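First the proteins, then the strands, lettered A, B, ... as listed; each starts at 1. As the structure is a prediction and not an experimental result, all values here were calculated from the model.
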Amino acid sequence: MAPDNHAHDPGNRPGTGSEKRFVFPKWTNRLREASAVAALGGVVYLVVLVAGVFSPQNSAIGYAPEQPVPYSHALHAGELGIDCRYCHVTVETSARANVPPTATCMNCHKTIRTTSPKLELVRKSAETGEPIHWVRVHDLPDFVYFNHAGHVQSGVGCVSCHGRVDRMEVVEQVEPLTMGWCLDCHRDPDPNLRPRDKVTVMDWEPEGDAAALGAQLRTERNISPSVDCATCHR
Amino acid sequence: MSATSHGGGLHALLTEFESPSAFMQACAKVRDAGFRHWDAHSPFPVHGLDDAMGIRGTRLPWLVLASGATGLGVATLMQWWMNAVDYPYVISGKPLFGLPAAVPVMFELTVLFSAFACFFGMWGLNGMPRLHHPLLAHDRFRRASQDRFYIVIEARDPKFDLERTRAFLASLGGSVVDEVRESVEG
Amino acid sequence: MSAYSLEPGSGSPYWRSLQELADTEEYRHLMAHEFPGGIDAPDGMSRRRFLQIMSASIAMTSLAGCRWPVEKIVPYAANTPGLEPGTPVKFATTMEMGPAAMPVLATSYDGRPIKIDGNPGHPLSGGAASVFAQASVLDLYDPDRSQVVRRRTGVFGSESDWASFAAWAQTRSAAGLTGTAILTGATTSPATANLLIQAAARGARLYLHEPVCRTNEMRGLKLAFGTAALVQLDLGQADVIVDIDANCLQDHPAALRNAKAFAAGRRAESGHMNRLYSFESTFSITGGMADHRYPTAARDLGPAVWALAAELVLGQHLELPEGAGVSASQLAAWRGHAAGGPDIAHLAHDLMAHRGRSLLVAGLRQDPEVHALVHVLNAALGNAGHAVSYLPFELPPFASLGELVGDLNAGRVSTLVVLGGNPVYDAPADLEFGKAMARASERIHLGLHEDATGQASSWHLPAAHYLESWGLAQGWDGSLLAVQPLIEPLYAGHTAAEVLSVLVENPPRTAHQLARDTFFALGGGQGPAPAPEADDAFEKRWRAFLHDGFLAGSAQAGTPLALAGTPIAAPAAAGAAGAENLELTFLQDQSVHDGRYADNAWLQEMPDFMTKLTWDNAAVFSPSTAKDLGVVHGDVVELQYKGRSLEVAAYVLPGQARHSVAITLGYGRDDAGRVGRGAGFNAYRLRTSDALHHGDGLRVRKTGRRYDLATTQDHHAIDKVGAAEIQKRVPGLVREGTFEQYVNEPEFVDHLGIHSPPLVSLWKEWEYTGYKWGMAVDLNTCTGCNACVLACQSENNIPVVGKDQVSRGREMSWIRLDRYFLGDADDPRCSQQPVACVQCEMAPCEQVCPVAATTHTREGLNAMVYNRCVGTRYCSNNCPYKVRRFNWYNNFEDLTETQRLVLNPDVTVRARGVMEKCTYCVQRIETARVAARVEGRSIRDGDITTACAQTCPTDAIVFGDLNDKDSRVSKLRELGRSYDLLDYLNIKPRTFYLARLRNPNPAIAGVAAQGGHGGHGDHGGHGEDHGATAGKAHG
Amino acid sequence: MKNPQVSQAWDNTRDDPTRPVELILGGNDFTSITEKVSDIVLERKTPRAWYLAFFASAGLTGVLFLMIGWLFIRGVGVWGLNNPVGWAWDITNFVFWVGIGHAGTLISAILFLLRQKWRTSINRFAEAMTIFAVVCAGIFPGIHVGRVWVVYWLFPLPNEQAMWPNFRSPLLWDVFAVGTYMTVSLLFWYTGMVPDLATLRDRARGRVRQAIYGFLALGWRNSHRHWHRYEKAYLLLAGLATPLVLSVHSVVSFDFATSQIPGWHTAIFPPYFVAGAVFSGFAMVGTILIPARKWFGLEQIITKHHLENMNKIILATGSMVGFAYATEFFIAWYSGNPNESFAFINRAFGPYAWAYWTMVTCNVVTPQLFWSKKLRTNLGVMWVMYIFVNIGMWFERFVIIVTSLSRDFLPSSWAYFRPTPVDVLTFVGSFGLFFTLVLLFIRFLPMIAMAEVKTVMPIADAHSGERRSVGDYHGDIPAHVRDGGDR
C-alpha cells in the first residue's frame, strides 16, 4: 500500500463507524412492488382521465342549453309530425340549415295559442322585429366546414347526426361531433345512407338487408366520401 | 472486535479483508466449503470473482434480446398501422408505408425497449430497490462501498453453525469476524 | 321589417339593418324579384364564424368547463323570401377613381361586402378588376374613416349631423351661390355633373383638381382636333405599338381593356404576335412587357417623338395628312436627334410596314404638343379608326386649382365646397393651398377621411363609400354605369351629389332619387322618375340596369377625327443633364395612387411590381446615376429642387433613365389614419404647378443617414456572388425565347432548365383518376400588375403584417410576383413570374411534416390543415419555391371589429403559429363540388376559377382539371412552351408555366440575340458578362 | 486540499511502450480515492466560487425562461426568423447541444467496449454533461414550434382527431432518437452512479443525507452477486448505447440530409455530424474539466494523460470534420448540380462568408496545433482550444442551417437572417441552464466514478503477486458448488 496520505483514525473519519447509520424501515422494501403498481396504475389513470374527462366527446354529448323560448321539438316534430324542412328550409340547398325566422313561428301561432305565456318572446319578436337569440347546440370548431346540402343530397338522415330530435323536449347533442366520429362515417357511409325522400324521417328503419341497401344507395348515388383534409378544412 | 448490533436475531457472520487478492482467495474457500447463502461484498467488481464464487452467467441478455425484439415489432407494426391502415394519407406521393422511412424509429424503439429491459431487468433480478437490509444497518459494513472487502455467510445457510462458521471465517485471513443482526424495528 | 343586428347589444352604431338601407318599396321589390338569390343575411349573425370574427361581441360564457363559449343564433324575425343563409350573392356596381369608372361585381356575404371582382359583362372589365377596385372593399371598413359630421367655428370643433348641415346649407344657399367655389375631383357621374351645372347657374364657380390629371392629354386633343375626346385604344388592332411613357396597360382609364386586347395580340399560338416598343423614364409594367424598351429621361421623350416623326416623314417618306399642324421642314431639325435612340430608323420602318395596324400612344405626363404630334402620326399612319379612335365630348366649365387659389387670395370666395379630394395635402406646393383655403369663411369638405383638408374645413361631412352609395357613372367607352349600395352607410356618409343637391335644390333629393331621376332623364324622361308601380317599362329598364351594372348598348363607338391644323410647337431645348442638373419626375403610385389610398393596408403592403417596395415610396435612381452621385440603396438623400428640398430614401432601380430621378406621389401623409400615417415621403412638397410631371434642376445631397426600405424581394443587398448567380439561374426559371424561335422549335423551353438524368421515381407513383386540378401561368401575357395578389389577399383572408414585418421578410402574400432583371443594369430586360404554391404531386413539404398537417388529397391538392399544424416550419424550409407563409404573430390581433367584417367566412382565419399557403382556392372547389352534387352532375370546366385567375386582366392564369382533355388548362399543358418550374427536382408541380416570348424587331441588332439568349444552354457566359453590373443594380 | 504537490514530476504523458501508463497518480489507494471524491460532496465546505458561479448560472437560466415566456406570449416572431430562413438559432442551438451531448455516452460506451481504461476518470463527468446538454438541446425543438401547446401531437397518442403522426418526417425520427438517447443516457448514467451513491450514503453524516443518498442508492450493498449482473447490464447498455450514440446525430443530420435544400441534401451528413458531435462534446467536457480538476484537487485522478487522450480524439475528429468540409465542396462541384455548387460557393464567399471562415478556422485549422505534443499537454493551450472548438462547432451548425436556407432555389426568395436580442439571450440562457445543472451535479453527486476508478488501479488486481494461484475456474466448477440461486 502506498504511504499514508490520509489519516487512519477510524473514529473521526466519516463512513467508518462512529456516526449512527440511518436505517430504512423494513416496509420500505415494499417500494419495489409499490412502484411497479404505481407505474401501471398511473398509466391507467391517465388514460381514464384523458378519455373520460378531457375528451370533447364526453363534454359535448348531452349538451342541452336552455333556450329563450321553450320550443319543443318533441311536440312539433314528434307529435304534430311537422317535417324538418318546414322550418329548416335551406337544408337541402345551402351549407347551413337555417334557424327559421320568427315569421315561420307566427304562420301558425297567429291563430294557435295566441296567448300562451311561453310564446311571449315570439310574439314580441314578431311585433318589434327584434330577433330571438337562440343558443347554438351543435357547434363545430371554427376550422371545420360542414355542408348540410351536400350531406342531405347524398341521403344522410338528420337522425345520423342530430339524433331523435322528435323525442327531445329540449334539443341536446347526442353525438360527439369529433373528427374521429366524422371519419367513421366518411370511411363507411353505408349504415347512414337512406333513400333521398326518407332523409327527414326520424323513425325510418331499412327494410330487409340494411347493409345491402346502404351499399346499393352508395353505388347509385356515386357516393365516395373523401377523408382528405381539404374536404372539411380550408 | 465488538460488533455493532441491533439486537435482533442473527442474520449473518461477516469477515473483512483489506486486499482484493486475499479476499478472492477466501471466496474460493467459502465456495469450496459448500455454502449456498453467502456473498462477497467489494467496493468495485473484482475481476475474476465470478469464478472464485462460482456464479453462473445471468439470463439478463436473453431478457434484453426479447425486449429489443418486442420494440422492433412494436415500432414496425405501429408505423405501418398508423400511417397505412388506420388513417392512410398520401404524403408526397409516396407509398403509404415504406420500410426505409420506418427504419429510424424501428431502430430507436429496439434500443429503447432493450435498454429498459436491461435497466429494470438488472435491478429486478438483483431484488432492488431494497432499502432495508441488515447489512445496511451494520456499522463496519459501511466500508464495503469504500475500501474494504467482506465475505458474508448468512445464518439461513444449511451449513451455517455459529461457532463453526465463525471459526471458518476467522481462518480465511480476514481482519475481523463480526455478527450481523436483523434489525428490530420495522 | 326585421332587424338584423349584432349580438349582443343590438343596434351597434356602425351596422344597421339592410332593410333600413333599402326601406323603399322598389328596393324591396328588387330584392325579391330582380335578384332571386337576394341579399342574404339569414341566420346570418348567428353563423358562428362571423361571431367568432366578432370576438369582442361574443358572450364569453363558459359552461361545463370544457366547452367553448356559447354561441347564439340570431335569425331574422320576418320572412326573407329567396334568401339563403351563408350563400354569397353578387351585385354589379361601379367604382369611380378620377376619370376612370370601373364596372365591378361586389360579393356580399350575410349583408357585408367582402370582395370586389370585375364585371365580366362589361368590356371595360371583362371580369378583371384593378388592384384599387379590389382593395376598395377594405376602405369600406377602415376604422379611421370619418364617422361624424363635424362643425368647426374658430378653433373649436363639435360633432354635428347631416340634418343640421342640410338646414344650414339650405338657408345659406337660398339667396344664390355667388361667392361659392366648388372644387371637385374628376367625376363621370351625370347626376353630379347636372347638379354642378345647376350650381354654376346659380352663381357658383366650379374648379377641378385631380393630382394625377389627364389635362395634357385633353389639351393635346384640343390642339390636334379642336375638341376634347376620350381616346379609345384597341390594342388588338395594333401589330406595332409604341408606348411613350403612357403605361397604357395600367395607367389608363381603360387599362384592363387595353391589357386584355394586348394579351390577345401576344398569343403566339395564333401564329401572330404584336410588337411593343416603349420609351419611358421609369420602368412600368408596359415597359416590362416591351420587346424593345428605351429608358429615356422625361425631358427627352418629347424630342424622341419628334425624332420618330422626322424619321417617319423624312426617312420613310410618310405623308403628313391634311391639317397636320407640323411640316416636313419643321421636322428636319429633329432627324437623328439623340433622344430617339439608336434604333429609331428601324422603329420607323417597322411602323411604316404596319400602317393601319400600328399605334402610338403618349402618356399623361407628356406635353400637349407631344400628344398632338402622336395624334397626327396615328392619323398619318392610318391608325385612326382602327387601333385608335375618339369619342369627342365637351369639357365642362371647370377652372383650375391655380385659379381657385387666385380667387381665394383675392377674397372672391366666401364659401369653398371641396367635394372629395385632399387639396391641402396634394396641391402643388407653390400654390400654398392651405393658406389660401383659410381665406374662405366657410369651408365645406366631403371626404371619406377627415384628412388635412377635412381638418381645415368648417364643415366636414363623412362621404359615403361607393359600396354604400347610389349613383351613376360613365365608363371610358361612354357607357352608363350603375352605382348601387350593398350596405347601409356605416357612418351615415353621403355622396357628392347629395351635398350638391342640398346646395342647389329644395327640397334636396337622396342619392337614390338622384340616380333614378337622372337615369330617367337620360332615357328621355321629363321630371322625376316614376314610382316603381307607376311605370312598369321604366322599372324593368331600371332593374335590368342595376342587374347588369350598366345600360346595355350605351357604349359608344369611337371614330377618327379631323385634324384641326393648329401649329404644333416643337419642344424647347433643354440644358445639359448631369449630376448637377438632374431631372425629377412625379409619378402616380401603384399602391396609393395620388395618396387617396394611403389608409388602405392591402395596397400599402402590396409590393410595387418593379421596386417590390411596400409601405414607402422612394427616390428612384438609375444604377449609373447612383454611382455618379455616390448614392447607394437605402441612403437618405436630400432632393433640392426649385428652391424646395425634401429628404427621401434612395432606391436604385435598374432600367431607370440616366440623370432622371423618379418619385411617386401620395406618401408622407401626416393626416392619414393608423395605416398610412408616416409611410413614405411627401413628394407634393416638391411639386410645383408649372411642372406638374417633371422638371430639371434637381440636385441631390447625401445626408449620411440610412433608411430601412421594406421590400419583398432582394430584402437585403445582393453581393457579387449572388448577383452573378441570379444572372446564371434566372434563364432556367423564367424561360424565355423569341417568337421566331418558338415557331421554329416549339419545344425550345425543354433545353433551358437544369440538365438532369431521366426523372424516375423509386416507387410507384400515385395515379389521379378523378379530378386532377392544375393551373397554367402564361408568362407571355402576365404583366405583373398585382391584380392576382390583391384578389388572393381578399379571397383568402391574408393578413397585413406591416412594414416592420415585411422588412424582416415575413410578408404573408400567397402569390407573389418574382421580378428579375437580366443584362445591363441601366437597360435590363425585366421578367415577371407569379409564384404561388404549385401543388407538387410529390410535395417535399409533406414528407417532412411530423404531424401530417399537410397532405395530399386524392385530387392532387397539397392540402394545408391549419388546425393540425404545430408550426415547425420544416415544410417551408423544404419548399423549393418558398411559397409557404408562417404566422409569426397573431396577425389578426389588432384588427377592430369593423375591420374583421371584410374577412371571407369561407376561409379559415389563421391562428398564430401555423403555416399557410395557396390552396388553389379549395373553398371554391368544395363549393362547386356541393353545387354539382345538388344538381347531380360532375364539375365542369369553368365551374371553378381561382381568385387570381378570375381577376387576371390578361387571362394569364388558367385553372382547371388536367384529366379533362378538353379543359382549357389541359390544352395549355399540351403547348410546347409549357414547362415546370424546377422540373429537375422531379416533384411534379401541378402549376406549370408557359414560356415568355419576345418578338424583337429582327433588324435591331443585339436585342434579337439577347432575346434568344439562353436558348442553347449558354447561360454561364451571360452571367459572367453582366454579373458585376447587375450586382450593383440589386444593391 | 491535502495534496498540493502536483507537479511536472507527475507527468504521465510520456510515451513508454514498455510500461503500462499510470492512470492514477500520487500513490492513491482505495481509501484516498474514496475520500477525495466523496469529500467534495460530503465534507468540504462549498467554495465561494461555487456560489458565485451558481447564482450567475441560475440568473442566466432565469433569462432563458423569461425569453421562453416572452416567446410563448408573443409568438415565434420574437426571433429573427423570416420566410426562407425558417430555422436559425433555435435549431442551431439544438444541434449544438445535442452534439455536445455525444461525448459522455461515447466515453462511457464506446471507450468501454474498446477497453480504454482511462475513460473511468472522466466518464461520470462526461455522462452528466451529456444529459445536461441533451436537456438544453431538448428545449429548442420544443419551443421552436409555432403552437407549443399542441406539440404533443408529435407523439403517437390516441386523440379525438383520430390522427397519427407522420412517420416519414425526420422530425419525428428526431423525437424518437433524442428521446431514446436521453432516456438511455440517463439510465446509463444512473446505473453507473448507484455504487457511488452507496459510497456517499455510507459516508454521509446526518440522517437526511443518509436517507437521500440511501434512497438514490436503491439499497446497493456491493454484493458480488449484484456486481455480476450489474456488469453484464453495463456491458449491454454500453453495447446498446454505442449504435445509439452514432444514430442520434445521424438522425439529427437526416433533418437536413433528407430534405431538398442545396447544402442540406447531402449524403455525407451522418458521419460528418457524428464526428463533429464527438469533437464538440470532448471540447465541452474539457472546457469544464480543466477548471473543475483544479478547483477540486483532482489532478491525480484526472491526469494530463487523460487530457492528452481527449486532445488526440479532438485532433482526429477535427480532422475528420475538415475532411468532410472538403468532401462537401468536392461533391458539390463533382455532382454537376448548379444549385448545389452555388450553395457551397455562397457559403464560402457569400454574405455569410464570415461565419464560414470562423467555422473553418476554429474547427479545422487551430486543432491542428494538437499535432504538437507540447501544445496538446499544455493546460492553457488546450483550454483555449476547447473554447475555439465550441465556437467553431456552433458556427458549423449555423452555417449549414442558415446559409442553405437563406439562398435556395429561387433568387426572389433570398434573404439574410439577423438574430434579435431574444435569439441571443435564449442561447446565452441555455448556457445558464447547462452550467446550473453542472454545478448542482458537482456539488451533490460524485463527479468521478469511484468504483470504476478503483477497478483500474493496479492494487485492484486480485491476481497481482500470485497469478492464478486461486486456480482456474473456467467452466469446471463442480456441480455441488455451483450457485443454485437466482440468476
Show the atom names and distances, to 0.1 Å, of all donor-acceptor pairs under 3.5 Å that link a side chain in residues 108-117 of chain A to residues at least two apart or in another chain.
{"residue": "H109(A)", "atom": "ND1", "partner": "I112(A)", "partner atom": "O", "Å": "3.2"}
{"residue": "T111(A)", "atom": "OG1", "partner": "C108(A)", "partner atom": "O", "Å": "2.9"}
{"residue": "S116(A)", "atom": "OG", "partner": "K118(A)", "partner atom": "N", "Å": "3.2"}

Donor-acceptor pair, side chain of N867(C) and main chain of F143(A), under 3.5 angstrom: no
What distance separates T93(A) OG1 from E935(C) CD, expressed to the nearest 0.5 Å? 11.5 Å
One should read off an interatomic distance between E926(C) CD and T231(A) OG1, to the nearest 0.5 angstrom, of 5.5 Å
What part of P100(A) is in contact with chain C, defined as an atom under 4.5 angstrom from a non-hydrogen atom: side chain, backbone, both or neither? backbone
Using a 3.5 Å distance criterion without hydrogens, assess whether the side chain of Y145(A) forms a donor-acceptor pair with backbone atoms of T908(C). yes
Select, from H151(A), H233(A), M106(A), E92(A), the one with the greatest count of heavy-atom pairs under 4.5 Å involving chain C. H233(A)
Tell me whether the count of non-hydrogen atoms from other residues, nucleotides or ligands lying under 6.0 Å of OH in Y86(A) goes above 12. yes
Checking side-chain contact (heavy atoms from CB on, under 4.5 Å) against R234(A), which of V865(C), N796(C), I925(C), D906(C) comes through? D906(C)
At what distance, to the nearest 0.5 angstrom, does OG of S226(A) lie from CD of E859(C)? 7.0 Å
For the student: nearest non-hydrogen atoms of A149(A) and V930(C), plus distance: CB-CG1, 4.2 Å
Side chain from CB out, backbone as N, CA, C, O: work out which of these in T857(C) comes under 4.5 Å of a heavy atom of chain A, or both, or neither. both
Which atoms of S125(A) are under 4.5 Å from chain C, going by heavy atoms: the side chain, the backbone, both sets, or neither? both
Max heavy-atom pairs within cutoff under 4.5 Å with chain C, candidates V135(A), V227(A), V152(A), goes to V135(A)
Would you indicate whether the side-chain heavy atoms of R933(C) and S154(A) approach each other to under 4.5 Å? yes
Heavy-atom pairs under 4.5 Å with chain A, option from V934(C), L861(C), T919(C), T855(C) with the top count: V934(C)
